[in-house]
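To keep things clear, I will list the structure first and then write my remarks on it.
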Amino acid sequence: MIKINNLHKSYKMGSSSLHVLKGIDFNVKDGELVAIMGSSGSGKSTLLNIVGMLDIADKGVYELDGVPIENLDETKAAQYRNKFLGFVFQSFNLINYKSALENVALPLYYQGLKRKDRQEKSLSYLEKVGLKDWATHLPSELSGGQKQRVAIARALASQPKVLLADEPTGALDTKTSYEVMDLIQQINQEGKTILVVTHEPDIANMCQRVVKLKDGVIVEDKKVEQVLAAQYV
Ligand code: ADP
Ligand code: MG
């Protein structure tokens, strides 16, 4: 699903530059649930943003579902992003003045779905994350865990091939974190390929494979005995 070879990324900082990714080799198979682990500043978000086509590498090869991702103009990149990728962020990134349902429906609007189809589809995804009864509520009326569920429903509604989550539990307490990981595990069980960036070992161990980043290089890449989040919720 994802093939990355000798990936490099630097940020220009005035006259100097910061070399953040220093030759990353990384493949993900269809249906995997992979944690990208590492301390703050190790380059996790930089890597995820490149995988998510929110940023581009300086050097290296990136293939997504057999498609080489290079030299795409912004329109083409946006099309691929909508078609292939779903995003979940630490800070939820919901629109505050829109209801849960409207938040989930927004990407479907951009996909050109008719109003009735958007509503039906969004409601079915809210039901999937256990929030059908909260459809008309604003984000400010939801708990952190509920907000993240809405964000997950929104990411899934456009039926992406890969779900990318950058510290999805970073703003949540432990119990709520495990509830969100339980949902992520269920979605993975249904076949979705998922990448979870985290700096928390307990969250990483709820994935099937842990890739450790340190100072811009992968220092470890191993299968783990997957801990089921359901036992904690
Ligand atoms: P992580 O997600 O592992 O905490 P990041 O990928 O966000 O790490 O950042 C890696 C390094 O790159 C950090 O030193 C950070 O300060 C720097 N960095 C990240 N984004 C930018 C940017 N847009 N411009 C300059 N430096 C950046
Ligand atoms: Mg980060």
Side-chain angles (χ1 to χ4, degrees), residues 28 31-40 44-45 48 52 85-96 98-107 121-212 223-233:
V28 178
E32 273 194 288
L33 173 54
V34 182
I36 300 172
M37 265 278 276
S39 53
S40 177
K44 306 182 296 295
S45 295
L48 203 75
L85 301 160
F87 294 90
V88 175
F89 300 97
Q90 174 173 353
S91 50
F92 322 124
N93 293 13
L94 299 176
I95 297 174
N96 289 324
K98 287 191 181 291
S99 69
L101 188 80
E102 289 166 334
N103 267 284
V104 178
L106 197 61
K121 202 166 182 184
S122 303
L123 200 60
S124 79
Y125 278 95
L126 277 179
E127 185 170 19
K128 188 177 174 59
V129 301
L131 289 178
K132 194 175 173 216
D133 296 338
W134 294 81
T136 60
H137 287 254
L138 293 172
S140 59
E141 297 164 340
L142 303 176
S143 69
Q146 288 174 323
K147 282 185 221 178
Q148 198 58 298
R149 283 168 184 275
V150 173
I152 290 170
R154 176 183 57 185
L156 292 177
S158 45
Q159 291 168 286
K161 297 216 178 239
V162 182
L163 188 65
L164 303 174
D166 194 347
E167 308 262 9
T169 64
L172 306 174
D173 62 64
T174 305
K175 182 172 183 292
T176 311
S177 293
Y178 293 164
E179 286 167 6
V180 164
M181 284 310 293
D182 180 36
L183 179 60
I184 286 176
Q185 287 181 336
Q186 285 174 35
I187 294 161
N188 171 250
Q189 282 292 312
E190 293 166 12
K192 191 74 74 193
T193 310
I194 307 179
L195 267 58
V196 177
V197 161
T198 182
H199 62 268
E200 296 164 298
D202 53 339
I203 298 297
N205 284 327
M206 291 176 173
C207 299
Q208 300 157 338
R209 176 179 153 203
V210 178
V211 174
K212 269 194 196 139
K223 287 218 153 51
V224 293
E225 190 71 47
Q226 187 182 29
V227 175
L228 289 180
Q231 65 186 306
Y232 298 107
V233 305

side-chain contact (heavy atoms from CB on, under 4.5 Å) evaluation trace for Gln208 with Val34: CA-CA 6 Å; Gln208 300 157 338; Val34 182; over 6 Å; no
Could you label the plane-to-plane angle of the Phe89 and Phe87 rings as parallel, tilted or perpendicular, counting under 30° as parallel and over 60° as perpendicular?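 Parallel.
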Taking salt bridge (charged side-chain N to carboxylate O under 4.0 Å, His left out) as the definition, give me every residue that meets it alongside [X], ordered by chain and number, with sequence neighbours left out.
X	result
Glu190	Lys128
Lys212	Glu220
Lys98	none

Any donor-acceptor pair under 3.5 Å linking the side chain of [X] with the backbone of [Y]?
X	Y	answer
Lys192	Pro160	yes
Lys44	Ser39	yes
Gln148	Gly145	no

Could you walk me through whether Arg154 and Leu94 pass the side-chain contact (heavy atoms from CB on, under 4.5 Å) test, one step at a time? CA-CA 9 Å; Arg154 176 183 57 185; Leu94 299 176; 3.9 Å; yes
When the side chains of residues 226-233 are checked against the rest of the protein, which donor-acceptor pairs come out under 3.5 Å, sequence neighbours left out?
unit_1, atom_1, unit_2, atom_2, d
Gln226, NE2, Met206, O, 3.0
Gln231, NE2, Leu228, O, 3.1

Nearest 0.5 Å, please: how far is [atom2] in [Y] from [atom1] in [X]?
X	Y	atom1	atom2	answer
Thr176	Arg149	OG1	CZ	9.0 Å
Ile152	Leu163	CD1	CG	7.0 Å
Lys223	Glu225	NZ	CD	12.5 Å
Lys121	Leu123	NZ	CG	13.5 Å
Glu127	Asp133	CD	CG	9.0 Å

Of the options Ile194, Leu33, Leu195, which is the one that meets Val28 in a side chain to side chain contact (heavy atoms under 4.5 Å, CB included)?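 Looking at Ile194, Leu33, Leu195, the match for Val28 under the side chain to side chain contact (heavy atoms under 4.5 Å, CB included) is Leu195.
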What heavy-atom pair brings Leu101 and Ser122 nearest, and what distance separates the two atoms?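 Closest pair (atom of Leu101, atom of Ser122, distance): CD1-CB, 3.6 Å.
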Which pair of heavy atoms, one from Asn188 and one from Gly31, lies closest together, and at what distance?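 Reported closest heavy-atom pair: ND2-O, 3.0 Å.
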How about [X] and [Y]: do any of their side-chain heavy atoms sit closer than 4.5 Å?
X	Y	value
Ile203	Ser177	yes
Asn103	Pro139	yes
Cys207	Met181	yes

Which residues pass the side-chain contact (heavy atoms from CB on, under 4.5 Å) test with Ala153, sequence neighbours left out?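 If we apply the side-chain contact (heavy atoms from CB on, under 4.5 Å) test to Ala153, skipping adjacent residues, the hits are Val104, Tyr125, Leu126, Val129.
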Between Trp134 and Val150, does the side-chain contact (heavy atoms from CB on, under 4.5 Å) criterion hold? Intermediate values first, please. CA-CA 10 Å; Trp134 294 81; Val150 173; over 6 Å; no
What donor-acceptor contacts under 3.5 angstrom involve side-chain atoms of residues 165-172, with partners at least two apart or in another chain?
unit_1, atom_1, unit_2, atom_2, d
Asp166, OD1, Ser45, OG, 3.4
Asp166, OD2, Ser45, OG, 2.7
Glu167, OE1, His199, ND1, 3.1
Glu167, OE2, His199, ND1, 3.2
Thr169, OG1, Glu200, OE1, 3.2

